[in-house]
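To start, the structure under review is shown below, and the notes come after it.
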Protein chains: 2
Amino acid sequence: MITHRPTSLADQIFERLENDILSGVYPRGSILTEMALCASLGVSRTPVREALKRLAQEHIVEEGGKGMLVLSITAGDAEIIYEMRERLEGMAAAATAGHATEEEIASLRELVDLQDFYAKRGDSEKVKSLDSEFHKNIYRLAGSAVYYDTLMPLHTKIQKFRKATVESTGKAEQSASEHRAVLDAIASRDEAAAEKAMTAHIASARSRLLDYLRQQEDTENGND
Amino acid sequence: MITHRPTSLADQIFERLENDILSGVYPRGSILTEMALCASLGVSRTPVREALKRLAQEHIVEEGGKGMLVLSITAGDAEIIYEMRERLEGMAAAATAGHATEEEIASLRELVDLQDFYAKRGDSEKVKSLDSEFHKNIYRLAGSAVYYDTLMPLHTKIQKFRKATVESTGKAEQSASEHRAVLDAIASRDEAAAEKAMTAHIASARSRLLDYLRQQEDTENGND
DNA sequence: TCCGGTATTATTGTATACAACAATACCGGA
DNA sequence: TCCGGTATTGTTGTATACAATAATACCGGA
């Protein structure tokens, strides 16, 4: 309908569906059919179809006989992802320490400063988003698209669980200070220190997640 | 035209293009336009378009103003990928040791036996393909789709370089015997040993790759 | 009532039509 | 000759049409 747009309908729909699925709007087990989405989004099948295919490729949905079956991830998957990140992100941080320009490091510092600011304010939405940006930038600055392509899907998929790692002001401040340690190592071009600091940060986030999951287990962990 | 098919045209085209790009048929920097591919493949734009979008998502191509720009990967990317695999595949092998059924382990053994057989024969095409299958099965049997989703793209992207790791009979036999070490650890349900054996195997493959790249450097490494 | 077969419907895969944008080529004027 | 503007062409994004399959619902017979 609307014609020339900066970003395509397919992209918008992909992002929206990805976000809705990973944040729990469409719970695991839901069925998404092209036509139903067309109707609710007011577009033709073509962009919806493209978005669904891309979601399927990332195993966020899979074709389930009738429509597309929403997969999302389990707590067990989240634990695996944290372990993978623990093994990989240090590598990315080290590469970033080796590759990033001073301007890029300055922009990382900006992110950390802001995150710290909002952490002290208790604005966990902002903190989560800035936390996300920080990691995303590390992937980008590491000097090869391989880092981004590998780590970004992992990061995206645990969105639903990430709030657990910054849910209280204390955790948010801790996360921010860990980020600062990584940043400082990068800024001083110390690859080994950057790797170590990042690995420690992920390990820390992972243990915050495990605490959260243990809590959830007690109360029942069903729908949110 | 032809109507009911087990696998869709889009899937076939995706696989074909992926394979052609990663094995060097379309060299880095080529431009693929939808229409040109339609003409050469004899299908409409829809499946071609879907295949290209999926390739773009995996950063095998990217939109480059006019058509899709073929990216492929550099030797530097390959080195990064081997380091990532070194950090991750041990984890997958350990998980497989914990999850795989006896039947699944038997099918792994079959693959290793065959690989050994063809290695001794010097059939490096077969060896490469069986080597690939072995790793792919580890990803699948590790118990979470996260392993497959993360490792398979890495494995796929280095296709062009993998021949370097099994190019001679000696290397092929070495690779097969390393696989057997991994398999034995898995079969005896020893997760730590499986991780160690797999990590050693990737490290070994990586050094075989580095040797190859160093050779290439001497002769000129441009087009193949 | 229950079972089997047929008809209808829902859904997807593919092809094509159309609109908009971008680049380029061509033409006229200075 | 060179520059600017317009027209044309090539390319993509989106919508729709059509074909084929699979599932389901319905109906008749035992």
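Every chain is numbered from 1, with letters handed out A, B, ... down the list of sequences. Computed from a prediction, not measured in an experiment: that's the story for all the values here.
Using cut-offs of 30° and 60° on the angle between ring planes, the pair B:Tyr139 and B:His155 is perpendicular. Below 30°, between 30° and 60°, or above 60°: for A:His59 and B:Tyr148 the angle between ring planes is above 60°, a perpendicular geometry.
Residue B:Gln12 contributes atom CD, which lies 12 Å from atom C1' of C:dG13 at whole-angstrom precision. Atom CG of B:Leu32 and atom P of D:dG10 are 19 Å apart (whole Å). Rounded to whole Å, the distance from CG on B:Leu37 to P on D:dT12 is 9 Å. D:dT12 atom P lies 16 Å from atom CD of B:Glu50, rounded to whole Å. Rounded to whole angstrom, the span from the CD atom of A:Glu63 across to the P atom of D:dT21 amounts to 17 Å. Rounded to whole angstrom, the span from the CZ atom of B:Arg49 across to the C1' atom of C:dA17 amounts to 14 Å. To the nearest angstrom, P of D:dT16 lies 12 Å from CG of A:Leu9.
Ranked by how close their nearest DNA chain C nucleotide is to the 5' end, B:Ser44 and A:Thr33 are led by A:Thr33. Nearest-nucleotide assignment on DNA chain D puts the 5′-proximal partner with B:Met35, out of B:Met35 and B:Thr46.
Side-chain atoms of B:Ser132 do not come within 3.5 Å of backbone N or O of B:Lys128 as any donor-acceptor pair.
At the phosphate of C:dT12, neither OP1 nor OP2 sits under 4.0 Å from any side-chain N or O atom of A:Lys53. Contact annotation: A:Arg45 does not reach the phosphate of D:dT16 (side-chain N/O to OP1 or OP2, under 4.0 Å).
Note on B:Glu34 versus B:Lys53: no salt bridge recorded, every NZ/NE/NH1/NH2 to OD/OE distance being 4.0 Å or above. Using a 4.0 Å cut-off between charged side-chain N and carboxylate O, B:Asp11 and B:Arg54 make a salt bridge.
Nearest to the side-chain atoms of B:Pro47 among the listed nucleotides C:dA15, D:dT14, C:dT12 stands C:dA15.
Contacts of A:Glu34 with the nucleic acid, taken as non-hydrogen atoms under 4.0 Å apart, involve only primed sugar atoms and P, OP1 or OP2.
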request  = Go ahead and write out DNA chain D as dot-bracket, 5' to 3': ( ) for pairs within the strand, [ ] for ones crossing earlier pairs, | when the partner sits on another strand, dots for unpaired; Watson-Crick or G-U wobble, both distances under 3.5 Å.
outcome  = ||||||||||||||||||||||||||||||

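Of the options B:Leu141, B:Val182, B:Asp113, a side-chain contact (heavy atoms from CB on, under 4.5 Å) to B:Leu108 is made by B:Leu141 and by none of the others.
The environment of A:Arg121 atom CZ is sparse: at most 12 non-hydrogen atoms of other residues, nucleotides or ligands sit within 6.0 angstrom.
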